[in-house]
Amino acid sequence: MSETESIQPAAPTMDMLVSLCKRRGFIFPSSEIYGGLASAWDYGPMGVELKKRIQEFWWRQMTQLNSNIVGLDAAIMMHPRVWEASGHVENFTDPLIDCKKCKQRFRADQIPEENLKSHTCPECGGELTDARKFNLMFTTHMGPVEDAGGLIYLRPETAQGIYVNFKNVLQTGRVKVPFGIAQVGKAFRNEITTKNFIFRTCEFEQMEMQFFVHPSEDMKWFEYWKERRFQYYLDLGVRKSKLRFHQHGPDELAHYAKLAFDIQYEFPFGWKELEGIHNRTDYDLKRHTEFSGKDLTYLDEVSHERYIPYIIETSAGLTRTVLVILSDAYDEDVVEGEKRVVLRFHPRLAPITVGIFPLVKKDGLAEMARKLDDELCEDFRTFYDESGAIGRRYRRQDEVGTPFCVTLDYQTKEDQTVTIRFRDSMKQERVKMAEISGTLKKAIRDYRRVGE
Ligand code: GAP
């Protein structure tokens, strides 16, 4: 195989991803030195950069590129009445079944049919209880006394923080229907999560945008956002063949939704939801009007019509997108008879954009490389590395998905040129040091994944 030959991307298993993430500092088990905490994960130096890049990309797409969308950052802890109004206290439940013998708890819809019929545990054969509703919201207490009066919830979605601030934003944000409010933040759900890494966790992050529209235009905006959100993942560099829509059937619709589509990704364990686009109608604002007694109507200054807007929601998982980007980027090929593991991140998302290497430490090359690093780090996330053979250094950067490496050698001292090595093609190009920044910016702008 030639060095530049494109190949079928390797399909990673979850074990391969978990192992790479641990080895290269993307994601660690939470409180690992104490044996870990089931389904909780910590983002290491590479993981936090990747997560931030995804978040920044989303934020830019939503707020900077749409003049009619503004941002918000609401508190995680909210007045408990919010969750009564939203319907979560009553409806946000999973049917759970316990094993009387081994005490394991299962979601009823995830137990094999034969075990449900025979009432036997799929793990130990013990007797199962009947299914009972279990609310997914975490509760805690605010204030010095642990009584019912201080009971509060950790938010299970960021959306409600937006709805309760609808009037505040309207009065201060110089916005007119149709307009949107975007928010990124933590959400918490007490879910049964036994496998699949960071796919489903009890603590996770969402990127949600609530778009307020006239009721007569709900379907027009629903279609608009459905297409925009699909395109967003293509812009992130996700392969089109791995993305699809899934429409919710009547038994899948959340209690607030009139119509819902998921964008699904083909994970190593199958097609699963990545983002939901929901037509929430006027359900939320009506309920908050009813429960708070406050007027949450909108007055159209031109037509003088007063109404409660409908809401089109785009709700993406940030931590789940991290898993999508990792799964999609993972690839293996063979270089000089050796397996190369490479993460083919879009350069906009890569935790490190440029590796900077002096060929050797001596003869002033290290000093020159450090100086270049000081300059480039103003515009790019850089990583300086002077240890080991140059091929090893490239390989280490391939494994964390660094799209470009710049090497300074003896020729650099003579003519002020360096080589840029491209991760995907492994081609090397000699450029003037003064032109590196422009060359890299162009390569980022023009990036296309091999074979796409
Ligand atoms: N506000 C609407 C809402 O929360 P959802 O379909 O329940 O809708 C939206 O969640 C997105 O949040 C999902 O598509 C998924 O990406 C992410 N998500 C939901 N629960 C999650 C969990 N337990 N762990 C990780 N991500 C989760």
Side-chain angles (χ1 to χ4, degrees), residues 27 30 38-41 43 51 54-55 58 72 74 76 78 82-83 85-88 91-94 107 110 134-138 153-164 180-211 222 225-226 229-230 232-233 236 238 243-249 252-265 267 269 271-281 283-285 287 311-327:
I27 298 165
S30 159
S39 92
W41 302 89
Y43 290 75
K51 184 150 68 75
I54 297 169
Q55 179 181 336
W58 184 89
L72 181 82
I76 287 172
M78 304 175 74
V82 168
W83 305 109
S86 70
H88 282 80
N91 298 314
F92 199 51
T93 55
D94 266 350
R107 257 172 62 176
Q110 288 175 356
F134 180 83
N135 197 292
L136 295 177
M137 285 194 293
F138 279 102
Y153 303 95
L154 299 186
R155 68 180 177 199
E157 61 170 11
T158 59
Q160 299 300 326
I162 294 182
Y163 307 146
V164 300
I181 305 179
Q183 177 169 220
V184 181
K186 293 241 175 186
F188 303 84
R189 297 180 190 178
N190 199 358
E191 313 220 40
I192 306 280
T193 57
T194 45
K195 49 184 190 294
N196 295 340
F197 197 24
I198 56 169
F199 175 78
R200 191 184 303 285
T201 45
C202 292
E203 175 181 345
F204 57 100
E205 280 172 79
Q206 290 186 314
M207 304 182 288
E208 296 199 305
M209 193 278 293
Q210 313 295 326
F211 202 71
F222 185 85
W225 281 111
K226 191 173 144 233
R229 294 307 301 152
F230 197 89
Y232 160 88
Y233 290 104
L236 266 185
V238 180
L243 291 166
R244 72 177 188 194
F245 282 118
H246 163 75
Q247 181 171 7
H248 282 208
E252 287 173 280
L253 280 176
H255 58 274
Y256 49 73
K258 164 178 156 186
L259 180 67
F261 275 77
D262 290 340
I263 297 176
Q264 293 186 331
Y265 178 79
F267 290 93
F269 43 89
W271 288 96
K272 298 275 177 213
E273 173 186 351
L274 163 62
E275 163 158 357
I277 297 113
H278 310 128
N279 181 346
R280 296 182 71 131
T281 69
Y283 175 86
D284 300 279
L285 290 183
R287 294 273 294 190
I311 293 169
I312 307 302
E313 169 181 63
T314 71
S315 176
L318 171 55
T319 42
R320 198 170 283 181
T321 309
V322 171
L323 185 59
V324 167
I325 298 299
L326 284 165
S327 312

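All figures in this text were calculated on a predicted structure; none of them were measured in a lab. In each ligand, atom 1 is the first atom listed, and ligand 1 is the first ligand listed.
- The closest side-chain donor-acceptor pair between Glu275 and Tyr233 falls under 3.5 angstrom.
- With sequence neighbours left out, the side chain to side chain donor-acceptor pair (under 3.5 Å) criterion links Thr158 to Glu208.
- Put simply, part of Tyr256 is less than 4.0 Å from ligand 1, judged by heavy atoms.
- If you check which protein heavy atom lies closest to atom 17 (C) of ligand 1, you get Gly317 CA, 3.7 Å.
- Atoms of ligand 1 lying under 4.0 Å from any heavy atom of Phe199, numbered from 1 in the order shown and given with element: 24 (N), 25 (C), 26 (N).
- A 4.5 Å side-chain heavy-atom check between Ile27 and Leu326 finds at least one atom pair inside the cut-off.
- Distances from ligand 1 to the non-hydrogen atoms of Arg280 include at least one value under 4.0 Å.
- The protein atom (non-hydrogen) at minimum distance from atom 9 (C) of ligand 1 is Ser315 OG, 3.0 Å.
- The backbone N or O of Leu253 sits nowhere less than 3.5 Å from a side-chain atom of His278 that would complete a donor-acceptor pair.
- The two atoms that bring Gln210 and Ile311 nearest to each other are OE1-CG2, 3.4 Å, heavy atoms only.
- Atom 15 (C) of ligand 1 has its nearest heavy-atom neighbour, among Gln160, Gln206, Arg320, in Arg320.
- Distances from ligand 1 to the non-hydrogen atoms of His278 include at least one value under 4.0 Å.
- Ring pair Trp83/His88 is perpendicular by interplanar angle, where above 60° counts as perpendicular and below 30° as parallel.
- Within ligand 1, the atoms closer than 4.0 Å to a non-hydrogen atom of Glu208 are 1 (N), 2 (C), 3 (C), 4 (O), numbered from 1 in the order shown.
- In this structure, Gln160 contributes its side chain and Val82 its backbone to no donor-acceptor pair below 3.5 Å.
- Atoms of ligand 1 lying under 4.0 Å from at least one heavy atom of Glu157, given by number and element, are 1 (N), 2 (C), 3 (C), 4 (O).
- The shortest side-chain heavy-atom distance between Glu157 and Arg189 falls under the 4.5 Å cut-off.
- Heavy-atom proximity to Glu275, at under 4.0 Å, picks out these atoms of ligand 1: 14 (O).
- The Glu273 neighbourhood of ligand 1 comprises atoms 6 (O), 13 (C), 14 (O), with distances under 4.0 Å to a heavy atom of that residue.
- Numbered from 1 in the order shown, with element, the atoms of ligand 1 that lie under 4.0 Å from a heavy atom of Glu191 read 20 (N), 22 (C), 23 (N).
- In terms of polar-atom proximity, Glu313 is counted as a contact of ligand 1, with an N or O under 3.5 Å from an N or O of the ligand.
- Residue Thr201 has at least one N or O atom closer than 3.5 Å to an N or O atom of ligand 1.
- For atom 7 (O) of ligand 1, the closest non-hydrogen atom of the protein is Arg189 NH1, 2.8 Å.
- Partners of Lys272 by side chain to side chain contact (heavy atoms under 4.5 Å, CB included), not counting sequence neighbours, listed by chain and number: Phe199, Phe267, Phe269.
- Counting heavy atoms from C-beta outward, Tyr265 and Arg320 have side chains that stay 4.5 Å or more apart.
- Between Tyr256 and Tyr283, the angle of the ring planes lies from 30° to 60°, which puts this pair in the tilted group.
- In terms of protein heavy atoms, atom 18 (N) of ligand 1 is closest to Phe204 CE1, 3.5 Å.
- Counting heavy atoms under 4.0 Å from ligand 1, residue Leu274 touches it through the backbone alone.
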